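Presented below is the structure to which this report refers.
The sequence lines fix the lettering, A, B, ..., with proteins before strands; numbering per chain opens at 1. Quick caveat: nothing in here was measured; it's all calculated off a predicted structure. When reading the values below, keep in mind they use all heavy atoms of this one structure, side chains included, and skip hydrogens, waters and symmetry mates.
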Amino acid sequence: MAEPARGRIAWFQEYGVYAAVGVLLLFNAAFTPHFLALDNFRTQLVQVAPIVIVALGMALVIGTEGIDLSVGSVMALSASVIALYLGYGAAPAILMAVLAGALVGAANGALVAFVGVQPIVATLALLVGVRGLANVLLPQLKEFVNPTLVAIGSDSVAGIPIVVLAAVALTAAVAFVVRRTTFGRQLVAVGGNRAASRLSGLPVRRILLTVYVISGALAAVAGVLATSRLQASDPTSLGLFMELSAITAVVVGGTPLSGGRVRVLGTVMGAVLMQLLQATLIKHNLPQSWTQMAQAVIILAAVYAARERR
Amino acid sequence: MPGRDAPGSGAGTAGRTAGPVLEARDAVKVFPGVTALDGVSFSLDQGEVHALVGENGAGKSTLIKVLTGVYRLDGGEVRYRGERAEFGSPLEAQRAGIATIYQEVNLVPQMSVARNLLLGREPRGRLGLIDFAAMRERATAVLREYGIDVDVRRPLGSLGLGVQQMVALARAIQADARVVIMDEPTSSLEPREVETLFAVIAGLKARGTAIVYVSHRLEELYRICDRVTVLRDGRAVHTGPLAGLDRLRLISLMLGRAVSEVRAEGLTKFAGHHDSAGEPVLRAEGLARRNLLRGVSLAVRPGEIVGLGGLLGSGRSETAKAIAGALPLDEGRVSVNGRAVPGGSVPAAIEAGVVLLPEDRKAEGIVPTLSVRDNIALAALPRLSRAGIVSEAEVDRVVAAFVDRLRIKAAGPHQPAGELSGGNQQKVLLARWLAMNPKVLLLDEPTRGIDVGAKAEVQALIDELAGDGLAVVLISSDLEELVEGSDRVVVLREGAVAGELHDDITEDGIMAVIAGGGHG
Amino acid sequence: MTLTETTRERAGTLFRQHGALVVLGVLVVAGTLAFDTFLTPANLTNIATASSFLAIIAIGMTFVIISGGIDLSVGSLFVLGGVLAAYGSQYGTLAALALPLAVCGLFGLVQGVIIARTGMAPFIVTLAGLLAARGLMLSLTGEGATTYLVEDETFAAIGQGSPAGIGYPVFVTVAVLAVAAVFLQRTGFGQNVYAIGGNEDAAALMGVPVSRTKIIVYLVSGLLAGLSGALNAARLSSGVTILGIGLELDVIAAVVIGGTLLTGGAGGLTGTIAGALLLGVIQNLINQAGGLTSAFQQVVSGAFLAAVVIVHRFLSRRAAP
Amino acid sequence: AKAEAPTATANPADAQAQQQVVKSPSAPAGGGCTIAQHGSPKFDLKSAVVGFSQSEKEANPFRIAETKSIKDEAAKLGIANLKVTNAQSQFSKQISDVQQLIAQGAQLLVIAPLNSDGWEPVLQQAAAKKVPIITIDRKINARHCADYVTFIGSDFTEQGRRAADQMIEALGGKGKVAILLGAPGNNVTTERTNGFKEQIAAKAPDIEITFEQTGEFTREKGQQVTEQLIQSNPDIDGIYAENDEMALGAVTALKGAGKKPGDVKIVSIDGTRGAVQGIVDGWIYAVIESNPRFGQLAFATAQKFLDGEPIPEKVIIEDREYDSANAKDSLGQAY
Ligand SMILES: Nc1ncnc2c1ncn2[C@@H]1O[C@H](COP(=O)(O)OP(=O)(O)OP(=O)(O)O)[C@@H](O)[C@H]1O
Ligand SMILES: Nc1ncnc2c1ncn2[C@@H]1O[C@H](COP(=O)(O)OP(=O)(O)OP(=O)(O)O)[C@@H](O)[C@H]1O
Ligand SMILES: [Mg+2]
Ligand SMILES: [Mg+2]
């Protein structure tokens with residue numbers, strides 16, 4: 001009787017984000033001049049890449065019923081560290097930046113897993129402190145001319161920007177981790193029922209720690225990419241409010257904040273949806289007030305469609 | 001459904017005259033993938049105790065939730081006191097005079113006992129504000145009637161499940177109810193508490209209250225129930241007086257098999273005593289934990305089933321947890337095959353071959369968002385993967401084997417475990433541990449909330465495992481199970497060993513030790 | 001074996017509830033010893049007044065968090081409330097108060113209804129609310145370009161008057177706190193808030209009107225954010241448009257430092273107030289110390305916050321598992 | 001750690017040229033504000049407690065130069081007791097910062113306000129204690145002399161007009177222009193936008209403003225918005241960026257889209273070294289300066305006030321312009 005309707009609902013729950021992206025694409029194809037150009041899609045993908053990368057880490061953290069507010073500040077820290085170590089060449093600088101991100105992640109993870117501080121507070125403390133640290137290390141924006149770093153930000157391989165390739169590769173890696181590895185299975189179990197996971201002998205603390213380290217490292221990678229795109233290290237404004245964008249992408253993509261589930265491709269689509277929306281509003285030259293209200297509506301609609309029914 | 005309404009219905013305000021107080025007619029409830037109720041008709045008369053039985057997943061809890069406004073019907077109707085009733089929420093049903101104790105303790109663990117007990121009917125003082133002193137007094141007094149003596153300011157969650165169950169009972173029955181519905185109220189209760197409960201039920205019945213009683217413990221049904229309705233696969237297959245209904249017949253109705261077939265299998269639970277010679281596999285010595293355990297020692301040989309007896313709060317669950325590394329110890333040591341197991345670490349215990357089936361499967365067992373498959377494979381994942389990558393084929397093999405062996409009823413291996421019936425969840429947990437090939441199996445209430453069929457299966461399984469040389473510690477509030485299943489029963493009292501029964505294990509014997517008569 | 005709470009457990013509970021107060025006390029003593037300009041009436045009233053706006057919002061947030069939710073929209077509602085109050089002040093005192101309360105209350109109400117009726121996560125619903133309220137504020141002010149000035153003397157006095165040297169906002173905070181505390185601790189509504197935060201399903205089965213309670217909780221949060229914004233507008237004599245960004249995080253920090261668990265079901269208001277004051281004192285001490293670069297100040301604030309929650313966590317760790 | 005080698009070094013000889021020059025001391029007919037009128041007690045600047053409240057983190061060239069010039073000048077004058085606070089872009093914090101400075105006994109307040117409105121609580125306390133206030137770079141909407149002594153800074157509307165003049169010149173009075181707006185709600189944004197639009201409307205009706213989106217004063221947002229812009233409006237002729245950071249972001253975006261220097265004319269405001277270098281490289285057409293070095297002027301004005309001289313309501317400073325003609329030579333003067 002009600003079966004077909006139920007089927008449709010389930011479909012929407014699963015693929016609502018994809019449908020929304022499709023609708024936006026159609027709208028733009030019809031009403032936005034110069035939208036259907038290769039360059040345009042490249043621009044959108046390049047802009048969304050750092051958000052996607054941060055959101056991947058965020059999705060893992062959210063899968064464990066946590067949250068990581070410090071990601072934006074980690075991006076800034078990554079920018080500072082790059083500027084600091086660029087003298088040794090691009091590779092060591094990037095390495096140090098990612099290491100710094102992982103360290104911040106470890107601090108988050110330690111607070112959450114070992115001290116037992118609630119994730120939102122622990123990472124809030126680091127959100128504040130790490131942004132400050134980024135500024136202490138590098139008091140102001142600093143341009144660079146390092147050819148390798150500039151190339152990472154602006155070159156393409158086989159017509160696809162390196163930044164986008166990085167995002168695709170990391171998405172594949174995270175999807176693999178979530179779907180195929182022991183760690184991936186364990187992390188959603190920890191998010192689904194921590195006590196049960198502990199009693200089943202899972203190394204709950206280590207899993208939590210690792211998840212935050214991954215999130216920090218991914219945020220740092222996003223910081224590297226954003227910095228190389230900007231051709232300057234900007235510890236003040238890089239990654240501001242990134243945590244909200246990333247969380248939005250994750251949740252719009254269908255991963256519940258209550259943990260126990262991670263949707264990797266959904267997360268990517270969530271980020272793409274928000275990017276396309278932003279682009280649409282900018283291209284149609286709508287004022288900021290409109291942009292914000294439209295985002296509110298889209299977020300609600302997307303999450304409403306994908307919500308778990310009871 | 002149309003035209004089924006008796007002509008002139010609604011006119012016959014059935015107040016105190018005959019006719020059902022509460023009724024379901026052709027009730028249908030569909031969940032994604034499962035038709036939980038498939039046209040169930042059920043009627044409850046005034047002053048009767050009506051048993052509702054059936055296998056796990058038969059739809060008992062769903063029927064209750066439909067009757068009390070938790071779920072909306074997909075078809076059919078609910079009638080209360082002769083009129084069509086559509087309760088929008090449990091609150092409405094409660095206000096109308098239907099008190100319900102839902103399956104699984106459903107209270108707020110962070111709140112104090114008193115607040116839980118009196119939520120929604122707190123004593124008011126001046127200006128209509130809550131009077132906490134009065135609340136404490138009232139709560140303490142009420143619980144004392146049920147034989148529970150606790151500091152009612154403590155968070156409920158810090159107490160054992162049994163106490164929580166009693167609080168839930170006390171809470172529900174307090175209200176002036178016309179109908180009281182109890183979904184497996186005794187699953188965590190001790191004989192003493194069960195007696196208290198039965199006394200309460202008798203009192204209610206005498207007042208003319210109608211009672212719906214769900215339990216998998218058949219002997220209880222025969223003691224207190226007047227009529228019985230049997231559910232099978234979402235259908236009501238039998239309703240009638242319980243007296244005169246043969247126990248085998250009842251079981252055959254629940255299982256949907258011929259009586260002869262059931263008789264042939266017998267009510268097989270435990271095969272009997274095992275050959276348990278040799279050195280103990282598990283040795284626990286002087287386990288102590290502030291306020292909980294005071295020097296418990298225990299030894300279990302391979303192939304032996306050691307029962308743990310005792311009242312609520314006597315420390316049985318804590319003992320099991322301590323051995324499994326889930327409770328940090330102040331003192332004491334645990335060893336397996338003579339090798340010491342580091343305390344306070346679950347992975348270390350598992351490594352040594354000690355596993356625990358926890359008492360509270362909802363809070364400590366099932367990961368509701370994960371599939372049946374992932375739940376079963378959870379603990380064994382490291383063994384089922386190579387270089388950190390899960391071998392799906394291996395997982396499928398193990399899962400399929402256990403779903404089959406334990407007859408886990410699910411829409412498929414990918415159904416979220418949170419959607420399974422309680423009994424099937426328990427089987428999933430059992431499978432999770434059996435997949436680990438343990439040496440020592442600690443079972444805390446392994447058959448709690450499991451139907452007769454499954455219970456027999458689980459018991460047979462436990463027997464079989466012991467026969468294979470596993471050392472088993474069995475905690476059960478079901479004295480019958482303890483008596484029949486154990487080779488030896490260790491009785492705990494107030495966190496210490498009070499006595500031990502070897503050869504002649506009887507319910508009376510256990511009760512005597514519990515009461516303080518000094519065996520062993 | 002005792003079945004009553006052990007002293008250690010009780011100390012733990014006590015500390016969780018009043019830990020912020022203890023830390024606050026320690027900081028005040030330290031501040032007094034370190035700086036002569038700290039324990040002066042002027043400085044203390046400054047801290048109290050400045051903290052009161054945060055405190056009022058945090059009171060609403062405490063209800064939300066105890067109920068198991070979260071409200072990210074309060075920063076935006078704070079600035080929206082201020083703009084509306086300043087705009088409304090041209091029509092008199094009543095309008096200056098009623099307009100922000102009505103609009104922000106409505107925002108809270110709608111968020112509450114969406115959360116209660118659709119089961120969507122509060123985090124995401126109120127994140128949308130954050131964006132929508134800010135968008136509305138921007139469109140009311142010509143993309144932030146227009147600053148409405150408070151035209152009404154009486155209304156301005158509510159923000160600026162200071163009988164006995166203590167600003168009205170402090171009195172308002174105390175009044176709001178008193179009323180809120182009675183509601184939270186001594187009424188059925190308050191019990192329901194704790195119950196749904198502790199275990200929503202159980203609460204529903206126990207007959208708690210879950211939807212209604214949630215809706216009220218977000219309504220209260222919206223109202224208080226609007227009230228705080230209006231008071232602030234009165235104090236500043238204008239509807240400043242650049243306020244409130246990231247304020248929700250400060251508010252959440254205050255509530256959590258105050259011992260309310262984000263998991264819901266536990267916590268209280270006195271801790272929240274202490275948490276709000278604690279944030280104010282930390283800021284004040286950083287300023288007193290001087291000499292720190294702005295970047296370093298942030299490092300110190302972050303470290304402070306982390307230290308407070310760690311200490312808090314260790315001291316309140318319960319004896320029993 | 002080892003950073004990349006710096007690209008340019010400051011030339012101390014430029015120091016003099018960098019100082020602010022007063023454009024309009026405009027002593028009004030009323031004679032300005034004297035210490036007698038204000039009511040402040042006389043004190044010796046050197047031994048006084050002076051409070052300086054900075055609005056934003058010292059993380060962009062403007063704020064760095066501003067704070068540094070205040071601190072340097074105080075050191076030079078031998079003012080031992082300078083208390084500095086930073087509001088980290090939170091207006092509420094700035095209010096309590098200044099209140100705290102007053103509570104700590106500040107006798108003179110130099111404020112770089114985050115916002116022009118909303119200073120009532122501070123003004124009341126300052127008035128009660130008769131603490132003179134000098135605001136720099138942004139003004140406070142309040143009563144001259146009663147509430148504050150003077151405002152020293154640029155005229156943002158005028159900056160917008162001058163940017164428009166440059167744009168008109170660049171485009172020959174005809175074309176399509178995009179505006180990269182500053183942060184919404186900021187007075188600076190509003191005034192620089194208004195000045196620009198006024199002037200375009202008045203002087204070059206053939207220039208069409210087809211696009212205005214906020215870049216929030218940051219390089220990253222400037223880049224992102226410009227990337228979207230040149231996709232959807234490939235025929236854009238000029239970009240007016242309301243600060244240098246956004247202009248430099250726009251340059252990166254144009255480079256990325258394969259444009260050549262000069263394809264799109266960029267005019268911006270601030271005068272940071274990066275932007276002036278942009279002119280040299282041909283990417284930016286012109287930059288209107290907004291000079292952040294307030295130290296000398298602020299303390300000189302304070303001293304005059306203490307000496308009893310009348311102080312005008314506004315001290316508007318002369319802002320330079322950089323274009324292809326002078327950029328190379330003036331590089332050392334940019335901050
Ligand atoms: N919320 C739900 N969503 C989906 N399926 C459900 C839900 N609740 C129950 N079911 C399914 O409905 C069927 C009936 O379940 P119900 O809980 O009523 O069984 P029961 O008779 O109470 O079993 P038990 O004795 O184990 O408690 C089961 O197949 C169960 O999986
Ligand atoms: N009758 C009671 N009165 C007061 N408190 C009790 C009572 N029964 C149990 N408790 C509390 O519950 C706590 C734990 O009980 P728990 O259920 O774990 O014990 P148990 O011996 O394992 O019994 P069971 O597993 O059968 O419930 C005890 O420490 C005690 O504080
Ligand atoms: Mg059931
Ligand atoms: Mg137990």
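- Under 3.5 Å, the side chains of Gln228(D) and Gln44(A) contain a donor-acceptor pair of N or O atoms.
- Among Pro287(A), Ser154(A), Ala279(A), the residue with the largest count of heavy-atom pairs under 4.5 Å with chain D is Ala279(A).
- Within a 6.0 Å radius of CZ in Phe27(A), more than 12 heavy atoms belonging to other residues, nucleotides or ligands are found.
- For Arg42(A) and Glu227(D), the salt-bridge test fails: no basic side-chain N is under 4.0 Å from an acidic carboxylate O.
- Of the possible polar contacts, one joining the Gln47(A) side chain to the Gln224(D) backbone as a donor-acceptor pair under 3.5 Å is found.
- Between chain A and the options Glu220(D), Lys255(D), Arg219(D), Arg63(D), heavy-atom pairs under 4.5 Å are most frequent for Arg219(D).
- Chain A forms the most heavy-atom pairs under 4.5 Å with one residue out of Pro234(D), Ala257(D), Ala253(D), and that residue is Pro234(D).
- Between the side chains of Gln231(D) and Asp39(A), not a single donor N or O lies within less than 3.5 Å of an accepting N or O.
- Arg273(D) has no carboxylate O lying under 4.0 Å from a charged side-chain N of Glu143(A), or vice versa, which leaves the two without a salt bridge.
- The part of Leu286(A) that comes within reach of chain D is its backbone (N, CA, C, O), which places non-hydrogen atoms under 4.5 angstrom from that chain.
- The candidate with the highest count of non-hydrogen atom pairs below 4.5 Å against chain D, out of Lys283(A), Gln278(A), Gln231(A), is Lys283(A).
- In this structure, chain D has a heavy atom under 4.5 Å from the backbone of Leu281(A), while its side chain stays farther away.
- Summarising the geometry, atom CD1 belonging to Ile64(D) is positioned 9.5 Å from atom CG belonging to Leu141(A); distances are rounded to the nearest 0.5 Å.
- If you measure heavy-atom distances from Ser237(A) to chain D, the contacts under 4.5 Å come from both the backbone and the side chain.
- Note that OG of Ser232(D) is 9.0 Å distant from CD1 of Ile282(A), once rounded to the nearest 0.5 Å.
- For the set Thr236(A), Val81(A), Asp234(A), the entry with the most heavy-atom pairs within less than 4.5 Å of chain D is Thr236(A).
- Remark: His34(A) NE2 to Asp235(D) CG distance equals 6.5 Å, nearest 0.5 Å.
- Summarising the geometry, atom CG belonging to Asn285(A) is positioned 7.5 Å from atom CG belonging to Asn233(D); distances are rounded to the nearest 0.5 Å.
- Among all heavy-atom pairs drawn from Gln288(A) and Glu216(D), the shortest one is NE2-OE2, 3.7 Å.
- Only the backbone of Glu58(D) comes within less than 4.5 Å of a heavy atom in chain A; its side chain stays farther off.
- For Ile230(D), no part lies near chain A; criterion is any non-hydrogen pair under 4.5 Å.
- One finds the CD atom of Gln213(D) at 11.5 Å from the NE2 atom of His284(A) (value rounded to the nearest 0.5 Å).
- Neither the backbone nor the side chain of Gln88(D) has a heavy atom closer than 4.5 Å to any heavy atom of chain A.
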